[in-house]
Amino acid sequence: MNTRLRPLVLVLFASLLLVIGVCRPARAESGEFASLKELANGRIGVQTGSTFDAITLRSLPQAEISYYNTYADLTEALGSNKIDGFPGDEPVIRLIAAEHDTIAVIDESMEDFEYGAVFRKNQRGSELKGQFDTWLKGVKTSGELERLTSKWIDGPEEQKTAFDYQSLPSPNGTLILVTEGLYPPMNYYRENEVVGLEIELAARFCQDQGYGLRVDVTNFDGILPAIQAGKADFSMSGITITDERAQSVNFSEPYYKGGTVMAVRKASYVAAMANGEQTTSVWDGIVQSFDKTFLNESRWKMFVEGVGTTLAITLASILLGTHLGFFLFLLCRKGGRITNAISGFCMWLLQGMPMVVLLLILYYVVFGKVYVSGIVVSIIGFTLTFGTSVFGMLKMGVGAVDDGQREAARAMGYSDRQTFFRIILPQAIPHVMPSYKSAIVDLIKATSIVGYIAVQDLTKMGDIVRSRTYEAFFPLIAVTIIYFLLEGIVNFLAGRVERISNPKRRSRDHILKGVKTDD
C-alpha cells in the first residue's frame with residue numbers, strides 16, 4: 001500500500017469501527033435480574049485488587065468471577081452482555097446507575113464495609129495514623145465529616161466545589177497521597193484535576209496539620225504496594241478495612257461506612273435490545289460520545305497531556321537506549337570472554353523479563369527507598385530494554401559485513417577505529433535500520449503499561465476519561481489513532497536518519513579523509 005494513503009485508510013477504518021461501536025445493539029440473551037438469588041450461577045465482574053471477589057463468593061458461591069481494571073470496563077462489559085452484573089459500594093454503583101438509564105441496582109446489601117485511610121507499617125506511618133485518627137474524631141464530632149459526605153455523595157455536581165490542595169502551605173513538609181482517581185464520588189478527575197470526598201478529606205487533614213499535599217494516581221491494585229514500598233505517605237481510595245490487609249498496612253479509624261450492592265441491566269433495556277430497537281440515532285450517538293469524551297470539562301487537554309508524557313518517555317528512551325546499546329557494543333565488539341559473558345547475561349535477563357515486571361521491580365524495589373518519579377523510572381526501564389535491542393541489532397548488522405572489508409581497510413592503512421567507523425559501521429547500518437524502526441514502534445506501544453507505576457501517559461488518560469464517561473469506544477479509538485500518528489511521526493524521523501546514514505550517499509573524499517592515497 002502507498003505509504004501516503006496508509007494514514008488515511010487507518011483513520012477511515014477507525015471511524016468505521018467507531019460508528020459500529022456507538023450504534024451496535026448489545027447482545028441480550030439474558031434478562032434483568034431482580035434479586036441476588038437469580039444471580040446464583042451468573043457471570044459476575046469485579047475490579048482487580050478489590051475485595052469484591054471474596055464478597056461475591058460469600059453471597060454467590062456458584063458465580064463465575066471475571067476481573068476488570070476499572071468501573072468503566074465493568075460498565076461496558078455489562079452493557080455488552082459479557083457479564084450479568086458487577087458489585088460495588090452503594091454510592092458508587094448508584095452514581096453509575098444515575099448516569100446510565102440502562103443500569104439498575106439490586107436493592108439487597110451483599111455485605112457492609114468500612115473505608116479507612118492507609119498508612120505504612122513503620123514509626124512514621126504510625127505517627128501519621130495517630131494524627132489522622134485524632135483529626136478524624138474532631139471532624140466527626142463537629143459534624144464536618146457528615147457535611148462533606150453529603151456534599152460529595154448526595155449533592156449535585158455543580159455544588160461539589162473542589163478544595164485547592166495544590167497551594168497548601170507546608171511548614172511540616174509535604175505528604176504524598178496515592179489514589180486511583182477513577183472512583184467517583186470518592187476520587188475522580190474533573191477538569192484535569194483529582195477531586196472527590198477522599199481528596200477533600202486528605203486536603204483538610206493536611207491543612208490542619210501543617211502539611212502540603214501532592215496527589216499521585218495509580219491503578220487500584222498498585223496502591224497497597226506503593227504504601228508498603230514507601231512511594232507514598234498514605235492512601236484514601238475506597239479501600240475496605242479487612243484483617244488480611246491490616247497485616248500489611250495500618251488502617252485509620254473508618255471515615256465512611258456503607259454496603260455493597262449489585263449492578264445489573266434494566267429489563268426495559270434488555271427488551272429493547274432483544275427487539276433490535278435503537279434508543280438513539282447514529283448521528284446523535286456520535287455527537288454525544290464526542291462531546292463527553294473531548295469537550296465536556298475540556299477533556300481534550302488530558303489527551304494532550306498524555307501525548308506529551310508518552311512522547312517524552314519514548315524519545316528519551318530511544319536516544320538514551322541507542323547510546324547505551326552502541327556503547328555496550330563498542331565495549332564488547334572485540335569478543336572478550338568476561339565482557340561477552342556479562343553482556344550476554346544482562347541481555348538474557350532484560351529480554352526475558354516482561355516489561356511491566358521490570359518497571360514494577362525498578363519502581364517498588366530498586367527505587368523503593370527513594371522518591372523517583374514514575375516518568376524517570378519508565379525512561380530507565382525502557383532505556384535498558386531498548387539498549388539491549390540496539391546491542392543485538394549492531395551485533396547482527398556488523399556480523400553481516402564481510403571480513404574482507406576489514407582486511408582491505410587495514411591493508412590501505414586504516415586504523416582499527418577508522419576501519420570500524422568508516423567502513424564497517426556504515427555498511428552495517430542498512431542491515432540494522434529495518435529492525436531499529438520496528439523496535440521503535442514496539443517501544444511506543446509498550447509505553448502503554450506505564451500507568452502501573454503512577455504515570456499519566458496517553459493510555460492512562462484514556463482510562464481516566466472512560467472512568468468519567470463510562471463509554472469505551474470514543475476514548476479507545478482516539479487513543480488508537482493517536483498511537484498510529486505517533487508511530488508514523490517517529491518512523492518518519494527514523495527514515496530520515498536511515499537516508500542520511502546510507503553509505504551510498506557518502507563522497508569518496510569523506511571516506512578517504514585522513515588516509516594517505518599518494519603512496
Side-chain angles (χ1 to χ4, degrees), residues 1-11 13-14 306-330 332-333 343 346-347 350-356 358-359 375 378-402 420-450 457-459 479-506:
M1 182 187 295
N2 189 315
T3 55
R4 294 182 178 179
L5 296 179
R6 186 177 300 169
L8 177 61
V9 172
L10 291 175
V11 171
F13 178 68
V307 169
T309 302
T310 296
L311 270 179
I313 294 173
T314 300
L315 295 178
S317 300
I318 291 172
L319 181 63
L320 296 175
T322 301
H323 282 78
L324 175 63
F326 189 72
F327 173 76
L328 291 176
F329 180 79
L330 292 180
C332 303
R333 72 184 179 93
S343 64
C346 293
M347 288 187 65
L350 291 172
Q351 292 179 344
M353 187 184 303
M355 193 63 221
V356 66
L358 175 61
L359 290 180
I375 293 178
S378 299
I379 291 173
I380 293 172
F382 285 111
T383 294
L384 291 174
T385 55
F386 195 74
T388 59
S389 298
V390 170
F391 178 91
M393 295 174 206
L394 287 171
K395 196 171 183 179
M396 175 195 68
V398 171
V401 179
D402 190 85
F420 177 74
F421 282 99
R422 295 192 182 181
I423 304 299
I424 304 301
L425 184 60
Q427 294 183 70
I429 286 178
H431 296 285
V432 169
M433 286 306 296
S435 298
Y436 185 76
K437 292 193 290 185
S438 178
I440 288 175
V441 173
D442 291 339
L443 173 62
I444 295 174
K445 292 186 290 187
T447 59
S448 61
I449 64 173
V450 297
D457 71 315
L458 175 58
T459 301
V479 169
T480 301
I481 292 174
I482 293 171
Y483 269 117
F484 273 124
L485 294 175
L486 292 180
E487 291 166 10
I489 292 171
V490 177
N491 254 334
F492 171 78
L493 296 176
R496 296 293 297 176
V497 173
E498 180 181 20
R499 185 181 178 189
I500 293 171
S501 62
N502 191 327
K504 295 181 180 179
R505 297 174 58 88
R506 296 184 301 164

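Computed over heavy atoms, backbone and side chain alike; hydrogens, waters and symmetry mates excluded.
The two residues G397 and V432 come nearest to each other via the heavy atoms CA-CG2, 3.9 Å. Considering every non-hydrogen atom in both S435 and M396, the closest pair reads OG-CE, 4.1 Å. The minimum heavy-atom distance between T459 and Y483, with the atom names listed, is OG1-OH, 2.8 Å.
For L350, the side-chain contact (heavy atoms from CB on, under 4.5 Å) partners at least two apart in sequence or on another chain are L358, L384, T388. Not counting sequence neighbours, the partners of F386 by the ring pair (Phe, Tyr, Trp, His ring centres under 6.0 Å) test are Y436. Residues meeting the side-chain contact (heavy atoms from CB on, under 4.5 Å) test with F326, sequence neighbours left out: L330, L394, F420, F421, L425.
For the atom pair OG1 (T310) and NZ (K445), the distance works out to 14.5 Å, reported to the nearest 0.5 Å. Rounding to the nearest 0.5 angstrom, the gap separating the OG1 atom in T322 from the CD1 atom in I440 is 7.0 Å. In this structure, S378 OG and M355 CE are separated by 7.5 Å, a value rounded to the nearest 0.5 Å. One distance of note links CG of L485 with OG1 of T480; it measures 11.0 Å at 0.5 Å rounding. In this structure, L493 CG and K437 NZ are separated by 11.5 Å, a value rounded to the nearest 0.5 Å. The CD1 atom of I481 sits 12.0 Å away from the CG atom of L486 when rounded to the nearest 0.5 Å.
At a threshold of 4.5 Å between non-hydrogen side-chain atoms, the residues L324 and V390 do not count as touching.
Without hydrogens or angle criteria, S317 side chain to F382 main chain gives no donor-acceptor distance under 3.5 Å. Put simply, the side chain of S438 never gets that close to the backbone of P434: no donor and acceptor are under 3.5 Å apart.
The side-chain contact (heavy atoms from CB on, under 4.5 Å) test with I318 is passed by exactly one of V490, T383, I444, I313: V490.
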